[in-house]
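Let me begin by presenting the structure, written as structure tokens, before commenting on it.
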Amino acid sequence: QVQLVESGGGLVQAGGSLRLSCAASGLSFSNYGMHWFRQAPGKEREFVAGISPYALNTNYADSVTGRSTISRDNAKNTVYLQMNSLQLEDTAVYYCAAERGGVYDYWGQGTQVTVSP
């Protein structure tokens, strides 16, 4: 069975940093683009960052560009999201998703990021 397991979330003060990880199993990892989404209370799920199968392309939401970096290690079947200069507005549940041909086939359970003043 396919599993995507996020980790690295937690409580951090504004201005701090976190590195989120998403470990994949049960799929051919390098065949998938990997993406991070987040959902804050009362808001719709929004795209955060994405990376193509061999990391030739990355893209970011305007809200995080310049202070976030998505990366992947295909040997470890893991995608990362480094987030710096965290703001209160970054508080959300963060999900990773595996995408192929524009379809998001698999989703993780999410990891909570809470940014405090």
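Owing to the predicted nature of the structure, the values given are computational and were not obtained by experimental measurement.
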Closest heavy-atom pair and its distance - [X], [Y]:
| X | Y | answer |
| --- | --- | --- |
| Ala24 | Leu27 | CB-CD2, 3.5 Å |
| Gly8 | Thr111 | N-OG1, 4.3 Å |
| Asn74 | Ser30 | ND2-CB, 3.7 Å |
| Ala49 | Leu81 | CB-CD1, 4.1 Å |
| Ala97 | Tyr104 | CB-CD2, 3.7 Å |

- Going hydrophobic residue to hydrophobic residue with side-chain gaps under 4.5 angstrom, can you get from Ile51 over to Tyr80? no
- Task: Flag yes if Leu20 and Phe37 sit in one hydrophobic cluster, no otherwise; membership is Ile, Leu, Val, Met, Phe, Trp, Tyr, and two members link when side-chain heavy atoms are under 4.5 Å apart.
- Result: no
- Message: Assess the residue pair Ser116 and Leu11 against the criterion (side-chain contact (heavy atoms from CB on, under 4.5 Å)); give the C-alpha distance rounded to whole Å, side-chain angles, the decisive distance to 0.1 Å, and a yes or no.
- Response: CA-CA 7 Å; Ser116 65; Leu11 177 65; 4.0 Å; yes
- Query: Looking at Leu18, Thr91, Val93, which one forms a side-chain contact (heavy atoms from CB on, under 4.5 Å) with Val113?
  - Reply: Leu18
- Pick out which of Val12, Asp90, Thr69 makes a side-chain contact (heavy atoms from CB on, under 4.5 Å) with Met83. Asp90
Inter-residue atom distance [X].[atom1] - [Y].[atom2], 0.5 Å rounding:
| X | Y | atom1 | atom2 | answer |
| --- | --- | --- | --- | --- |
| Tyr106 | Gln1 | OH | CD | 11.5 Å |
| Met34 | Thr58 | CE | OG1 | 15.0 Å |
| Cys96 | Arg72 | SG | CZ | 11.0 Å |
| Tyr94 | Trp36 | OH | CH2 | 10.0 Å |

Main-chain N/O of [Y] paired to [X] side chain as donor or acceptor, under 3.5 Å:
| X | Y | result |
| --- | --- | --- |
| Glu6 | Gly110 | yes |
| Gln109 | Val5 | no |
| Tyr60 | Ile70 | yes |

- Item | Ser63-Arg38 side chain donor-acceptor pair, cut-off 3.5 Å | yes
- Query: Does a side chain donor of either Asn84 or Ser17 reach within less than 3.5 Å of an acceptor in the other side chain?
  - Reply: yes
- Task: Take atom CD of Gln39 as the centre, draw a 6.0 Å sphere, and report whether it contains more than 12 heavy atoms from other residues, nucleotides or ligands.
- Result: yes
